[in-house]
Amino acid sequence: MNKIIVAIDGYSSCGKSTIAKQLAQYAGYTYVDTGAMYRAVALAVMRGLVQLPSLAGLDQIAVGFRNNHVTLNGEDVEAEIRTLEVGNMASRVSPIAEVRHFLVAQQQQMGRNKGIVMDGRDIGTVVFPDAELKLFLTASPEVRARRRYDELVAKGENPVYEDVLRDVNDRDYRDTHRAESPLKQAEDAIVVDNSNLTREEQMQHIYRLFDRCAERLKTAARKD
Ligand code: DC
């Protein structure tokens with residue numbers, strides 16, 4: 001069967017990466033978390049490997065994946081990039097055109113053989129505008145803040161819910177208002193609002209969308 005590209009975009013803390021990971025497993029595809037790549041660049045800035053605003057050093061760093069964990073210069077930094085501080089820095093570096101070009105080129109390379117589920121903000125609009133299946137995930141800011149809060153608590157952090165909610169709203173604003181590749185729904189994306197869906201309901205819905213898309217392409221290929 002011909003493999004496809006699945007592009008998953010949406011707001012922060014919508015459960016995008018969990019959904020993308022599970023769909024990749026279901027389909028037998030490779031999963032790529034592009035947010036982790038922006039976070040790795042943010043960590044490189046925080047470590048002084050990349051200077052702002054000159055971006056000196058950007059072409060010297062290597063961002064990659066090993067066993068679904070993001071690496072910076074070969075070091076597994078998956079745990080370190082998940083803090084609020086790195087998230088905030090990622091939101092500052094991700095609007096920079098040079099940073100986006102640096103990472104988008106790598107992301108397009110990763111999808112050259114298809115069979116990939118990639119999640120981010122601009123996957124269906126910029127990275128893979130021809131992706132066969134595009135999903136746009138949303139949930140209310142309150143639902144997302146509660147999920148993010150629970151995640152941070154589970155990690156042993158001590159967050160304040162109001163701070164997390166403000167952070168979600170600020171990040172939404174920055175993600176949707178930046179000049180370079182703002183978060184926006186591709187015209188041909190299917191919207192999945194998961195505010196009131198259980199994880200199981202949501203995954204069954206997404207598996208059905210994937211199967212239907214794969215089936216449609218198979219039928220189209222037979223007709224050619
Ligand atoms: O999904 P996340 O919270 O891990 O993303 C971290 C930051 O990177 C967030 O501010 C949005 C940004 N990002 C982006 O601009 N483009 C992507 N394709 C993925 C993430």
Side-chain angles (χ1 to χ4, degrees), residues 5-21 31-46 50 52 55 58 63-65 68-72 77-111 116-129 131 134-139 141 143-145 147-152 155 157 159 163-186 189 194:
I5 291 180
V6 183
I8 303 187
D9 291 302
Y11 292 99
S12 66
S13 305
C14 251
K16 278 195 307 293
S17 45
T18 311
I19 292 160
K21 224 178 278 177
Y31 163 62
V32 178
D33 174 358
T34 62
M37 298 171 81
Y38 288 93
R39 285 170 181 266
V41 171
L43 184 64
V45 169
M46 290 162 80
V50 175
L52 290 182
L55 295 173
L58 181 64
V63 174
F65 287 94
N68 273 345
H69 282 191
V70 71
T71 59
L72 174 61
V77 291
E78 183 65 32
E80 216 172 320
I81 59 158
R82 299 295 168 192
T83 61
L84 268 181
E85 290 74 21
V86 176
N88 288 334
M89 180 58 85
S91 177
R92 283 184 52 202
V93 301
S94 58
I96 304 172
E98 288 89 332
V99 171
R100 302 205 72 82
H101 296 158
F102 174 71
L103 294 180
V104 167
Q106 296 184 37
Q107 291 155 8
Q108 289 173 333
Q109 187 64 14
M110 289 171 181
I116 198 165
V117 179
M118 190 173 276
D119 80 4
R121 304 291 190 287
D122 58 342
I123 311 306
T125 50
V126 175
V127 183
F128 296 120
K134 299 180 186 179
L135 303 178
F136 190 87
L137 299 181
T138 83
V143 166
R144 289 186 285 130
R147 289 180 191 152
R148 181 86 194 115
Y149 174 89
D150 290 345
E151 259 170 42
L152 291 168
K155 258 185 245 151
E157 292 191 32
D163 291 348
V164 179
L165 178 60
R166 199 181 46 237
D167 215 70
V168 164
N169 281 318
D170 287 353
R171 209 177 297 177
D172 284 359
Y173 186 86
R174 286 197 298 260
D175 284 353
T176 49
H177 286 78
R178 64 185 183 211
E180 187 71 25
S181 301
L183 169 64
K184 86 171 186 274
Q185 190 194 319
N194 64 26

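Remember, predicted model here, so these are calculated numbers, not experimental data. When a ligand or atom number is given, it counts from 1 through the structure's own listing order.
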inquiry  = Assess whether a salt bridge exists between Asp150 and Arg147, defined as any Lys/Arg side-chain N lying under 4.0 Å from an Asp/Glu carboxylate O.
reply    = no
query = Below 4.0 angstrom, N of the basic side chain to O of the carboxylate: do Arg144 and Asp172 qualify?
reply = yes
remark   = closest protein heavy atom to atom 20 (C) of ligand 1 is Gly35 CA, 3.6 Å
Lys/Arg N to Asp/Glu carboxylate O, Arg174 vs Asp170, below 4.0 Å = no
query = In terms of atom number and element, which parts of ligand 1 are under 4.0 angstrom from non-hydrogen atoms of Asp175?
reply = 10 (O), 11 (C)
task = Starting from atom 7 (C) of ligand 1, find the nearest protein heavy-atom neighbour and note its residue, name and distance.
result = Ala90 CB, 3.7 Å
query = Is ligand 1 under 4.0 Å from a heavy atom in the side chain of Arg171, in the backbone, in both, or in neither?
reply = side chain
inquiry  = Considering non-hydrogen atoms of the protein only, which is the closest contact for atom 19 (C) of ligand 1, and what is the distance?
reply    = Thr34 OG1, 3.4 Å
key: With sequence neighbours excluded, residues passing side chain to side chain donor-acceptor pair (under 3.5 Å) with Asp122   = Arg100
Contacts under 3.5 angstrom, residues 13-21 side chains, donor-acceptor by atom type, not counting sequence neighbours:
{"residue": "Lys16", "atom": "NZ", "partner": "Gly10", "partner atom": "O", "Å": "3.2"}
{"residue": "Lys16", "atom": "NZ", "partner": "Tyr11", "partner atom": "O", "Å": "2.8"}

Numbering as shown, the atoms of ligand 1 that approach Gly120 to under 4.0 Å (heavy-atom distance) = 17 (C), 18 (N), 19 (C)
task = Please could you name the atoms of ligand 1 that Arg39 approaches to less than 4.0 Å, counting only its heavy atoms?
result = 2 (P), 3 (O), 4 (O), 6 (C)
inquiry  = Between Met46 and Val86, is there a side-chain heavy-atom distance shorter than 4.5 Å?
reply    = yes
Test: Arg121 and Asp175 ion pair at under 4.0 Å = yes
task = Report the member of Met118, Met37, Arg121, Arg178 with the shortest heavy-atom distance to atom 17 (C) of ligand 1.
result = Arg121
ask   = For ligand 1, which part of Asp119 has a heavy atom less than 4.0 Å away: the side chain, the backbone, both, or neither?
value = neither
message = Please check whether Arg100 reaches ligand 1 - meaning an N/O of the residue sits under 3.5 Å from an N/O of the ligand, judged on distance alone.
response = yes
ask   = Got a second to check how far Ile8's CD1 is from Thr34's OG1, nearest 0.5 Å?
value = 10.5 Å
message = Would Tyr38 count as being in polar contact with ligand 1, using the rule that some N or O on each side must be under 3.5 angstrom apart?
response = no
ask   = In ligand 1, which numbered atoms sit nearer than 4.0 Å to a non-hydrogen atom of Ser91?
value = 10 (O)
